[in-house]
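What follows is a single structure, written as structure tokens, with notes after it.
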Amino acid sequence: MARLKTGDKPADIRRAAVNVVVEVGSSAASINTIAKRAGLSVGTVYRYHDSKDAVLRSVFLEIKRDVHRLLMSAAKAQSTSQDKLRAMWFALLDFAHNHPQDFAFAEVILNTSVLLPEEDAVIQEMAQDIGQIIEAAITDGTLRPANVRAINTVLSAPALRLGRQTAMSGVAPDPDFAEEIFDLCWRGVAA
């Protein structure tokens with residue numbers, strides 16, 4: 001008689017990979033440690049992924065998609081360009097606070113070169129979506145005419161830094177402090 005499938009093994013693998021990588025880094029992580037942390041056999045992990053790098057890439061892309069959906073949803077709920085960009089900025093901070101391990105994992109993997117070209121293309125598509133919102137803000141006169149990537153960097157770098165601090169400490173940034181940082185960034189790019 002065949003065994004019944006139980007649980008959500010892909011979610012277990014994701015959770016385990018995130019925890020292991022955040023604790024020991026991507027180099028020290030292994031299929032064995034991920035499987036053990038997930039409470040699964042090594043063979044079960046290999047049923048879902050061909051290698052450790054495949055696990056890391058898959059989890060990284062899932063997290064990036066989660067963040068992207070959150071940012072796009074935050075932007076969609078707003079009517080003005082400034083409100084869209086502000087909502088996206090604070091949504092990133094909320095993600096770091098609500099999902100600190102996922103945020104930290106993405107930061108670790110971002111600094112490695114595990115993505116395949118087709119996976120990097122998915123990340124670039126997400127960046128293009130954000131770029132279109134910035135381009136629209138330039139076109140409607142909300143943002144000064146400048147390189148879209150430069151504006152994205154000016155706005156996102158402080159949010160990512162606050163996100164890292166939030167993920168590491170488990171404490172959301174002081175709202176007044178976050179507002180002040182956003183305001184300073186905004187004045188640097190506003191028309």
Side-chain angles (χ1 to χ4, degrees), residues 8 10-26 29 34 37-38 55-112 114-115 119-134 136-137 148-149 151-186 188-189:
D8 185 352
D12 294 340
I13 293 168
R14 174 182 169 162
R15 194 170 20 263
V18 165
N19 291 332
V20 168
V21 167
V22 169
E23 287 175 19
V24 302
S26 61
I34 292 168
R37 181 69 60 92
V55 172
L56 300 183
R57 289 192 313 267
S58 174
V59 172
F60 179 74
L61 285 173
E62 286 176 28
I63 291 169
K64 291 297 277 186
R65 284 183 179 109
D66 291 347
V67 171
H68 186 69
R69 277 190 294 273
L70 183 67
L71 297 181
M72 293 299 104
S73 177
K76 188 176 181 179
Q78 305 301 319
S79 57
T80 69
S81 291
Q82 181 175 357
D83 289 343
K84 288 176 190 290
L85 292 164
R86 183 185 183 287
M88 292 167 66
W89 201 89
F90 282 94
L92 183 61
L93 293 184
D94 288 344
F95 182 85
H97 180 68
N98 295 323
H99 307 280
Q101 292 290 94
D102 285 355
F103 190 92
F105 176 91
E107 289 288 300
V108 169
I109 298 303
L110 186 63
N111 294 316
T112 66
V114 297
L115 291 183
E119 294 161 337
D120 190 53
V122 171
I123 300 298
Q124 294 310 313
E125 286 176 27
M126 292 178 205
Q128 287 175 358
D129 290 343
I130 294 168
Q132 289 172 351
I133 292 170
I134 293 170
V148 170
R149 284 182 34 224
I151 290 174
N152 190 5
T153 300
V154 168
L155 289 174
S156 65
L160 290 168
R161 167 125 185 182
L162 280 176
R164 276 190 291 281
Q165 290 172 340
T166 297
M168 290 171 51
S169 70
V171 177
D174 174 69
D176 292 335
F177 182 65
E179 286 286 350
E180 183 177 0
I181 291 174
F182 177 78
D183 185 54
L184 288 169
C185 295
W186 187 257
V189 297

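Atoms CG and CD1, from Asp8 and Ile13 in turn, are 9.0 Å apart once rounded to the nearest 0.5 Å. The structure places CG of Leu70 at 8.5 Å from CG of Leu92, a figure rounded to the nearest 0.5 Å.
Of all heavy-atom pairs spanning Phe60 and Ala106, the tightest one is CE1-O, 3.5 Å. Met88 and Ala74 make their closest contact through N-CB, 4.2 Å (heavy atoms, listed as atom of the first residue, atom of the second, distance).
In this structure, Trp186 and Leu155 have side chains that are in contact, with non-hydrogen atoms separated by less than 4.5 Å. A 4.5 Å side-chain heavy-atom check between Ile130 and Met126 finds every atom pair outside the cut-off. Contact of the Ile133 side chain with the Leu71 side chain is not registered, since no non-hydrogen atoms from C-beta on lie closer than 4.5 Å.
For Val154, the side-chain contact (heavy atoms from CB on, under 4.5 Å) partners are Val189, not counting sequence neighbours. Residues passing the ring pair (Phe, Tyr, Trp, His ring centres under 6.0 Å) test with His68, sequence neighbours excluded: none. For Gln132, the side chain to side chain donor-acceptor pair (under 3.5 Å) test picks out no residue, with sequence neighbours left out. Scanning for side-chain contact (heavy atoms from CB on, under 4.5 Å) contacts around Ser26 gives Val21, Leu56, Val108, Ile109, Thr112, with sequence neighbours left out. Partners of Asp183 by side chain to side chain donor-acceptor pair (under 3.5 Å), not counting sequence neighbours, listed by chain and number: Arg187. Residues meeting the side-chain contact (heavy atoms from CB on, under 4.5 Å) test with Asp83, sequence neighbours left out: Gln78, Thr80.
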Quiz prompt | Evaluation steps, side chain to side chain contact (heavy atoms under 4.5 Å, CB included), between Val122 and Arg65 | solution = CA-CA 9 Å; Val122 171; Arg65 284 183 179 109; 3.8 Å; yes
In a table with atom names and distances, give each donor-acceptor pair under 3.5 Å that connects a side chain of residues 157-167 to protein atoms at least two apart or in another chain.
from	atom 1	to	atom 2	distance (Å)
Arg164	NH1	Glu107	OE1	2.6
Thr166	OG1	Leu162	O	2.9

Report all side-chain donor-acceptor pairs from residues 173-180 shorter than 3.5 Å, counting only partners two or more places apart or in another chain.
from	atom 1	to	atom 2	distance (Å)
Asp174	OD2	Asp176	N	3.3
Asp174	OD2	Phe177	N	3.0
Glu179	OE1	Arg86	NH2	3.1
Glu179	OE2	Arg86	NH2	2.0

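The list of side chain to side chain donor-acceptor pair (under 3.5 Å) pairs with a residue in residues 13-25, not counting sequence neighbours, reads Asp12-Arg15, Arg14-Glu62, Arg14-Asp66, Arg14-Asp102, Asn19-Gln101, Glu23-Arg37.
For Lys84, the NZ atom is densely surrounded, since the number of other residues' heavy atoms within 6.0 Å is greater than 12. When the shell of 6.0 Å around CZ of Arg149 is examined, it contains 12 or fewer heavy atoms from other residues, nucleotides or ligands.
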